[in-house]
**Student:** 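Handing you a structure now.
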Amino acid sequence: CNYAKNQADLVAFSMFPGHLLIHVPQIEPTLKLAPFNFDWLEKFLENNPKALEHHQEGDRIILTADTSALQNFVLQHLGTNELFQAPDSGGEMVRRTNSDKP
């Protein structure tokens, strides 16, 4: 299959079993999506292994924290260049109107 750049990124992120976290920093006038930053998480957990329950499975980090702990962790790390990458033009979507449809 051939995917557009923004579709290929979303497919790649969803291939990681169990974890599909996407930050939605804006919904109007366009929907912006910021993908999960696995590299940041890996480095952060190397330096702070007790910050969030997890285990390593090969080169994958499996988050095992309960929902409350995971939500708190996410909220603490929403800053620029942290848990989520900056939204780019590939993560920006415009709602179609009836006049936009073919």
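Here the structure is a predicted model, which is why all the values come from computation and not from measurement. Residue indices begin at 1 and follow the sequence shown.
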**Student:** Find the distance between CD (Gln85) and CD1 (Ile22) and round it off to the nearest 0.5 Å.
**Tutor:**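 Answer for the CD-CD1 pair, Gln85 versus Ile22, is 11.0 Å.
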**Student:** Nearest 0.5 Å, please: how far is CG in Asp39 from CG in Asn81?
**Tutor:**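 Answer for the CG-CG pair, Asn81 versus Asp39, is 12.0 Å.
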**Student:** What is the distance from atom CG of Leu41 to atom CD of Glu46, rounded to the nearest 0.5 Å?
**Tutor:**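 Leu41 atom CG to Glu46 atom CD measures 10.0 Å (nearest 0.5 Å).
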**Student:** Quick one: closest heavy-atom pair of Leu52 and Ala69, and the distance?
**Tutor:**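 The answer is CD1-O, 4.0 Å.
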**Student:** Around atom CG of Leu75, are there more than 12 heavy atoms from other residues, nucleotides or ligands closer than 6.0 Å?
**Tutor:**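 Yes, CG of Leu75 has more than 12 neighbouring heavy atoms, counting only those of other groups under 6.0 Å.
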**Student:** State, yes or no, whether a side-chain contact exists between Ile61 and Gln56 at a heavy-atom distance under 4.5 Å.
**Tutor:**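 Counting from C-beta outward, Ile61 and Gln56 do come under 4.5 Å.
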**Student:** For the residue pair His55 and Thr64, what are the closest heavy atoms and their distance?
**Tutor:**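 Result for this residue pair: ND1-CG2, 3.5 Å.
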**Student:** Supply the atom-to-atom distance Asn47 CG to Glu42 CD, rounded to the nearest 0.5 angstrom.
**Tutor:**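 Rounded to the nearest 0.5 Å, the CG-CD separation comes to 11.0 Å.
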**Student:** Which label fits Phe84 and His23: parallel for a plane angle under 30°, tilted from 30 to 60°, or perpendicular past 60°?
**Tutor:**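 Tilted, since the angle between the ring planes falls between 30° and 60°.
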**Student:** Mind checking the CG-CD spacing from Asp66 to Gln71? Nearest 0.5 Å is all I need.
**Tutor:**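 Result: 9.0 Å between the selected atoms.
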**Student:** Check Ala34 against Ala86 and note the closest heavy-atom contact, atom names and distance.
**Tutor:**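 Looking at all heavy atoms of both residues, the shortest contact is CB-C, 4.5 Å.
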**Student:** How far apart are the closest heavy atoms of Ile62 and Glu57, and which atoms are they?
**Tutor:**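 The answer is CG1-CB, 4.0 Å.
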**Student:** Specify the closest pair of heavy atoms between His54 and Pro49, including all atoms of both residues, with the distance to one decimal.
**Tutor:**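 Scanning both residues, the minimum pair turns out to be CE1-O, 3.3 Å.
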**Student:** Does Trp40 offer a backbone N or O that forms a donor-acceptor pair with the side chain of Asn37 under 3.5 Å?
**Tutor:**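 Between the backbone of Trp40 and the side chain of Asn37 there is a qualifying donor-acceptor contact (under 3.5 Å).
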**Student:** Which class fits the ring pair Phe73 and His77: parallel under 30°, tilted 30 to 60°, perpendicular over 60°?
**Tutor:**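 The arrangement is tilted - the two ring planes meet at 30° to 60°.
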